[in-house]
Structure formats: structure tokens, C-alpha cells
Number of protein chains: 2
Amino acid sequence: MIEEAYGRPIVTVDIVLLSLNEGELSVALLPRTSEPYMRSLALIGGYVHTDEDHTAEDAVHRILKAKAGVEGIFFEQLQTFASATRDPRDWSVSVAYFALVPREKLHGTADELMFRAADNLGALPFDHELIVKAALERVRGKGAYSTIPARLLPDEFTMSELQAIYQTVMGVRLDQSAFRRKVGELGLLEEIQGRKRQTKDARRPTALYRLKEPMSVFDRRL
Amino acid sequence: MIEEAYGRPIVTVDIVLLSLNEGELSVALLPRTSEPYMRSLALIGGYVHTDEDHTAEDAVHRILKAKAGVEGIFFEQLQTFASATRDPRDWSVSVAYFALVPREKLHGTADELMFRAADNLGALPFDHELIVKAALERVRGKGAYSTIPARLLPDEFTMSELQAIYQTVMGVRLDQSAFRRKVGELGLLEEIQGRKRQTKDARRPTALYRLKEPMSVFDRRL
DNA sequence: TCAATAGTGTCTTTCAGACACTATGGT
DNA sequence: ACCATAGTGTCTGAAAGACACTATTGA
């Protein structure tokens, strides 16, 4: 069998970086700096560098740091988009990831980075709209059964903030009592002893929590 | 930005083809016909042919037909495995799929095809053990919430056969009454009117059913 | 003491699991 | 009539949702 008689495709990674912007779940976009679609807003992505990236995840780390200025955030493989026509240059394979970052982690980072409300972003180049759609479905679906949405919060958060994040991500109202009961039964959080307060516009101080595990999946909805 | 200064990786698809063999969930393996690992049993797979495959799914169709002799069966993208070292030849991207086929569909097809019990297959080349592990987790996990396991049965089946498949895939015993109740409430099946009987070693004839939708996902377990 | 959020108690409904029951028809 | 499997009815306990209640403290 003579294989390798076929041209090798382009291999890239694309990242749907999600954060909270003005209370809305939003997608990070970056103006492209090369052809095709130069200067159009597109997903964060880039070629796999076969000399320096050992795995596709390495490429994600490298690109998140170089293009978005963030490190150490949660990401997960989403789906791979592969076809002859998704990229005008050549047969192309894009291994897509989604990532979550707390708004607080983005300060003096990439200035070019734009956040656009996930449900209302304009046209995007390539098949990036499809990729975003898949990411939102995944985050909303799996979100209800995992601690994924908590990755939009800083390491320490209040119960109310956690509930608010789940409501935003899932797009439904949750009952306070049931929410606390379930979070407690699942044993996801540890209370931060001693410190409280976290003044906002509440009078009464609130307990602070952090996740026990970086990421948990369960079989009940929150 | 000068891109494309990097070598392009190899791009292949690998397929975890599952069926029922002697009552056990089993994986189809094929002896490799080329180096590396020539003659070792491995997953069904092959290069993406950039000239004839328009998408990765096209490659799956082509390879399933050519190497396993099956057409028109259910498959779904699983995960992509990409690293510098998973293939000794070069930096390699494998877009992995899992597929389900009823035992009855495999007759005069590929003679070389071997079925090995999923929980007890020996060592496999490349990272194929990892791929199989991911496929089993997916099928067992998502299986409970979808009609995926029904794709191991012929188009027409009895309620008992359906229950048995779910039990085999999920590895648990299910209550007959609850199972029928839930399947009914979800409205997954349509009864085949008129015909019954389907003699086995039962005395009483049984109703036959088929799936309404090729594939459904729900949020209750069966 | 009041405003505003933190946090709890409890009722009702829904659903899963267990299990016993009835139904059918070939032998 | 018997028996193996088909198919149903009903009880119990767990968990979800709704909603009202109490608690705390800064202003």
C-alpha cells in the first residue's frame, strides 16, 4: 500500500475563549494579522508548530499566552473541524478548544482582544460561527452537570456569585434553596475559614468558597 | 507573520468500530498491512485523502467501506489525538471516531476483521488503547442518555432486546417496568403494526419496534 | 430600625427503583 | 394445564422545585 501519495493538510488550533462581559457570556475575538481575512475579527488560533509543540494542547497554551496574554486557565478540547473548503488556502484541519477565563485575569493583557456577546456576534471568517455554536452548546449543556461555569469566577467566590454564573451560563433562573442544597450535597466546595465580609452592596457578610477539585462532573443538574 | 515555516503533520482518522460478539461489547481490529507495526492488530483507520475526501467524515465512510465492508452505519466524532510522538513516522493528528454496527450487518464482509471483547483486548499499537478507552467511556456515559446503544441492534427489535442492549452497554441490571415506562414516556419508538411473533424461546409473541429518530439524546437515564 | 442580601425549613410534585402481579400462547 | 416470557400496577423513598420564613449587619 503506497500511502502518503496525498498532500498533507494544514493543521491549526482554534480557541473559543469565553468570559463574562457586562453580565453576558462573551467570546474573545482578535483581528487577524495575515491573509486570508486580514484584519477581520476571528477566533484566537494558529498553526501547530511541529518543532516546538509536543501536543495540540501545547499549541493551545502557547497561543493563549502569545495572543491573549493569559496563562493557567481552564480549557478543554471541543471538536475537530476538517474539510477541503473551510480554509481557502488548502485542505484544513482545525482542532477546536473552548477556554474559560475570569474577567479579572484580563487586564494589561492583549489590547486588541475584543469581547462580543456570545448570542449576538456578527459574521465570522472561516467556519468560526459553527465552532462558536458548538462551544456554546457544550458549555451550556455540560455546564449544568459540572463545575465548568465556576471557571468564569476568580478562585474565591460567594455562593450568590456562583449561582449567578450558573444562571447566566444556563440561561435559567435557579432556586436559591435548592441550589445551595445541591452544591452542598455534591461536596464541590470548601469554605474559606476565617475570612468573610467581601463587601459588595450587601449589609450582611458572606462566606467565601473555593473549588475542591479543579473540575468535577456529576450526574445531577445544578 | 511568516507562518508555514513548520512541517505539516500526518493526518489520519481512526475508528473504534463496536459490535456485540458473544453477548459482549467488542471492538473490531484489523491486522496492519504496512509499517510501522505491520501485521499487528490495530484500529481501523487510514490517511485522509485530500484529493477525494471532502471532509473527515468522508474519509470515515470510505475507510469503513474499504476496510470493514460496511456502509450506512452510525458513527460520531470522538476526540482528536495529536502529538509529536504518537506515531513514529512524524508529528501526527488522528481524528478518532466511534461507530456501532449490528452483528447481523457483518457477514461476507472483511474476513480479516477480528472482534475482541472491549474490556479485555491486548496491547495495541500507537495510542490505540487510549482511543478505545475514550470510546468506551463515551458510549457508556452517553449511552444511558441516548439511543446510541440501539444502533447495535437491527432496525427492528423487541423491547426485551433493547433492554438487554442497554444492560450490556451500561453494565448494570435495569428494572423491566421502569425501563418500559421511560422508553414510552420519551416517545423514542414506534411500534410496528400488524407483525408480531418474532419466535425465540418465548411462548408469547412480542411487539416489534423501530427507532423514530436515527439518534436521540435526552436528559433522563434509561 | 430598616434595607438588602444571606441563609434555612418545609411542603408538594415528580420520578426512579423494587417487586408483585396479570396476560398470552406454544407445547 | 403448564411454563416461559410479555407486559402492567402500585408502593416507597429520594430528590427537584416552589416559596415562605428567619438571620445578620451597615447605614
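Each chain gets a letter, A, B and so on, in the order the sequences are listed, and its residues count up from 1.
Among the protein residues, B/Arg221 comes within range of no part of the nucleic acid, since none of its heavy atoms lies under 4.0 Å from any strand. Counting non-hydrogen atoms under 4.0 angstrom, B/Thr206 reaches the backbone sugars and phosphates but no base.
Side chain of A/Arg204, nearest nucleotide from D/dG26, D/dA23, C/dG25: D/dA23. Closest approach to the B/Ser177 side chain among D/dG17, D/dT8, C/dA16 is made by D/dT8 (side chain taken as heavy atoms from C-beta onward).
Between A/Ser160 and C/dA6, a side-chain N or O to OP1/OP2 separation shorter than 4.0 Å is present. Here B/Arg220 reaches the OP1 or OP2 of C/dA16: one of its side-chain N or O atoms lies under 4.0 Å away.
Judged by closest nucleotide on DNA chain D, A/Arg173 is the one of A/Pro205 and A/Arg173 placed further toward the 5' end.
Looking at residues two or more places apart in sequence or on another chain, you find no side chain to side chain donor-acceptor pair (under 3.5 Å) involving A/Gln77.
When the C1' atom of D/dC11 is taken as reference, atom CZ of B/Arg181 falls 11 Å away, rounded to whole Å. Taking atom CZ on A/Arg180 and atom C1' on D/dA16, their separation rounds to 17 Å, with Å as the unit. Between the P atom of D/dC21 and the CG atom of A/Asp175 lies a distance of 15 Å, rounded to the nearest Å. Separating the CD atom of B/Glu161 from the C1' atom of D/dA6 is a distance of 13 Å, rounded to the nearest angstrom. Separating the CZ atom of B/Arg203 from the C1' atom of C/dG26 is a distance of 7 Å, rounded to the nearest angstrom. In this entry the distance linking CG of B/Asp219 with P of C/dT14 reads 16 Å, nearest Å. Atom CG in A/Leu162 sits roughly 12 Å away from atom P in C/dA6 (whole-Å rounding). As a whole-Å value, the separation of A/Gln176 CD from C/dA6 C1' is 7 Å.
Atom CZ of residue A/Phe115 and atom OG of residue A/Ser19 lie 4.5 Å apart, to the nearest 0.5 angstrom.
Ring centroid separation for the pair A/Phe75 and A/Phe98 does not come in under the 6.0 Å cut-off. Ring centroid separation for the pair A/Tyr37 and A/Phe126 comes in under the 6.0 Å cut-off.
The two residues B/Leu174 and B/Leu222 make their nearest non-hydrogen contact at CD2-O, 3.8 Å.
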